[in-house]
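Nothing here was measured: the structure is a model prediction, and the numbers come from that model. The sequence lines fix the lettering, A, B, ..., with proteins before strands; numbering per chain opens at 1.
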Protein chains: 2
Amino acid sequence: MSVTTLPVVEAAAHDAEKCKIANDMLARVSEKWSMRVVLFLSTQSRRFSDIERGINGISQRMLTRTLRNLERDGLVTRTVTHTRPPRVDYELTEIGFSLKLSLSALGGWVQENEAAVRAARAAFDGRTRS
Amino acid sequence: MSVTTLPVVEAAAHDAEKCKIANDMLARVSEKWSMRVVLFLSTQSRRFSDIERGINGISQRMLTRTLRNLERDGLVTRTVTHTRPPRVDYELTEIGFSLKLSLSALGGWVQENEAAVRAARAAFDGRTRS
DNA sequence: CGGGATCCGGCGCGATACTG
DNA sequence: CAGTATCGCGCCGGATCCCG
């Protein structure tokens, strides 16, 4: 029953359940590798090793965990082909793709304000280091 | 020179510097308390203790750190009034407010897809726990 | 090939106590 | 009132080894 529990959504529709989901989604999206994976899958379906090679510096462990989380949230689908060697393909779902679109909007903000943020940081650091 | 280093912004304008800033901003925004603070400041200027009381469960330490980070990025301003007891007011800058607008868009996505995500999680958990 | 199991360091974050 | 300092836990994320 707290007054301000929800970070993203504002006044409208402010129940506890949605707050939790909103927090979780924001957390998910910022989990260091999630966005890279979503972006990498945004154009086409990819198999595990393709993603691993396509995303620079991700470990096998983290790729697995990231994909599991995205799958759990219904953002990607996992398709296993039982051959030898086995083959697993990952693909963005419809809602996964819509999330990617929303995030691209945030990307727009970054493009417009990146210079200002960098300048602000430099000014702040110069001010406090003295 | 990696091919895919940037999570948010896509094909356009893909230099390393902007990538780093984009990552940083996404990290900042997801720092557990940042969004709550930004949202709380979105309507008006507030003093330290007001924010502390307004945001349910934040510790003094984390509020201080969060505000410092936001200030460093040029998203909030800090105004000190030297009285006894002292008084410090925080206010959203213009670019801080524009960020809030972009994030509200993401909030819209959450509102639309929260039910789907919750259902997906339930289905996934039921599938794997068996 | 596509993972799972385990070990481990770093640090995000909270609780508490102290200061100008 | 608005911080800073210190301590400690949890957990994210990397490395390494093993398995079907």
Side-chain angles (χ1 to χ4, degrees), chain A residues 2 5 7 23-38 40-41 45-73 76-91 124 127-129, chain B residues 2 5 7 23-37 40-41 45-73 76-91 124 127-130:
Chain A
S2 62
T5 329
N23 274 320
D24 290 353
M25 287 314 304
L26 193 53
R28 170 99 330 128
V29 150
S30 64
E31 257 165 22
K32 180 168 191 180
W33 297 108
S34 300
M35 281 311 305
R36 318 258 269 258
V37 172
V38 168
F40 192 74
L41 293 176
S45 169
R46 305 271 197 175
R47 55 186 301 184
F48 189 88
S49 37
D50 289 339
I51 311 177
E52 193 173 10
R53 261 176 280 103
I55 298 182
N56 204 319
I58 192 171
S59 67
Q60 195 182 45
R61 167 195 164 86
M62 287 319 294
L63 179 54
T64 302
R65 304 185 99 215
T66 302
L67 286 169
R68 281 291 176 283
N69 286 332
L70 294 175
E71 185 194 0
R72 187 173 105 95
D73 288 351
V76 307
T77 57
R78 189 179 111 108
T79 316
V80 184
T81 312
H82 295 87
T83 56
R84 218 158 27 251
R87 171 200 179 103
V88 181
D89 289 85
Y90 292 90
E91 187 175 9
F124 184 91
R127 218 180 306 143
T128 56
R129 207 198 313 282
Chain B
S2 62
T5 329
N23 274 321
D24 290 354
M25 288 314 303
L26 192 53
R28 170 102 326 131
V29 149
S30 64
E31 258 166 22
K32 180 167 191 181
W33 298 110
S34 301
M35 282 311 305
R36 320 258 270 256
V37 172
F40 192 75
L41 293 176
S45 169
R46 305 272 197 176
R47 57 187 299 185
F48 189 88
S49 38
D50 289 339
I51 310 176
E52 193 173 10
R53 262 177 279 103
I55 297 182
N56 203 317
I58 192 170
S59 67
Q60 196 181 45
R61 167 194 162 86
M62 287 318 295
L63 179 54
T64 302
R65 303 185 100 219
T66 302
L67 286 169
R68 281 291 175 284
N69 286 332
L70 293 176
E71 184 194 2
R72 187 172 105 95
D73 287 350
V76 308
T77 58
R78 189 177 111 107
T79 316
V80 184
T81 311
H82 295 87
T83 55
R84 223 173 10 262
R87 171 199 178 102
V88 181
D89 289 85
Y90 292 90
E91 187 175 9
F124 184 90
R127 217 180 307 144
T128 56
R129 209 199 313 282
S130 60

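- Applying the 4.0 Å criterion to OP1 and OP2 of D:dG3, one finds that B:Arg78 has a side-chain N or O inside that range.
- The CD-P distance, from B:Glu52 to D:dG3, rounds to 10 Å in whole Å.
- Taking 4.5 Å as the limit, every side-chain heavy atom of B:Glu91 sits out of range of all side-chain heavy atoms of B:Val76.
- The footprint of chain A on DNA chain C, defined by a heavy-atom cutoff below 4.0 Å, extends from C:dC1 to C:dT6.
- Toward the 5' end of DNA chain D, the nearer of the two residues B:Pro85 and A:Pro86, judged by each one's closest nucleotide, is B:Pro85.
- Residue B:Arg84 contributes atom CZ, which lies 17 Å from atom P of D:dG3 at whole-angstrom precision.
- The shortest side-chain heavy-atom distance between A:Arg78 and A:Arg68 falls under the 4.5 Å cut-off.
- In this structure, the side chains of A:Pro86 and A:His82 stay at 4.5 Å or more apart for every pair of heavy atoms.
- One atom, CD1 of A:Ile58, and another, C1' of D:dG14, lie 11 Å apart when rounded to the nearest Å.
- Side-chain contact between B:Trp33 and B:Leu63: absent, with no pair of heavy atoms (C-beta onward) separated by less than 4.5 Å.
- Checking the phosphate oxygens (OP1, OP2) of D:dA2, no side-chain nitrogen or oxygen of B:Thr64 falls inside 4.0 Å.
- The A:Met62 side chain lies nearest to D:dG14 when the options are D:dG14, D:dC12, D:dC1.
- Axis orientation changes by 40° from one end of the helix from C:dC1-D:dG20 to C:dG20-D:dC1 to the other, with each end axis drawn from 5 pairs and the value rounded to 10°.
- Inter-residue side-chain proximity for A:Ser45 and A:Asp89 is flagged as met; some heavy-atom pair is nearer than 4.5 Å.
- For the pair A:Ile55 CD1 and D:dG13 P, the computed distance is 14 Å after rounding to whole Å.
- Rounded to whole Å, atom P of D:dT4 lies 11 Å from atom CG of B:Leu63.
- A sub-4.0 Å separation between OP1 or OP2 of D:dA2 and a side-chain N or O of B:Arg47 is present.
- Side-chain contact between B:Val37 and B:Leu67 is present, with heavy atoms from C-beta onward closer than 4.5 Å.
- Within the 4.5 Å cutoff, the side chain of A:Arg47 has no heavy atoms near those of the A:Tyr90 side chain.
- Going from atom CZ of A:Arg65 over to atom P of D:dG13 covers 8 Å, rounded to whole Å.
- Counting any heavy atom pair closer than 4.0 Å across all strands shown, A:Gln60 reaches a base atom.
- Across the protein-nucleic acid pair, B:Leu67 atom CG and D:dC1 atom P stand 16 Å apart, rounded to whole Å.
- Taking OG of B:Ser34 as the start and CZ of B:Arg36 as the end, the distance is 11.0 Å to the nearest 0.5 Å.
- We find that CG of B:Asp50 is positioned 12 Å from C1' of D:dA2, with the value rounded to whole Å.
- Place A:Tyr90 and A:Arg61 on DNA chain C by their nearest nucleotides, and A:Tyr90 ends up nearer the 5' end.
- Note that CG of B:Leu70 and CZ of B:Arg65 are 12.5 Å apart. Values are rounded to the nearest 0.5 Å.
- For B:Arg28 and B:Asp73, the salt-bridge test passes: some basic side-chain N is under 4.0 Å from an acidic carboxylate O.
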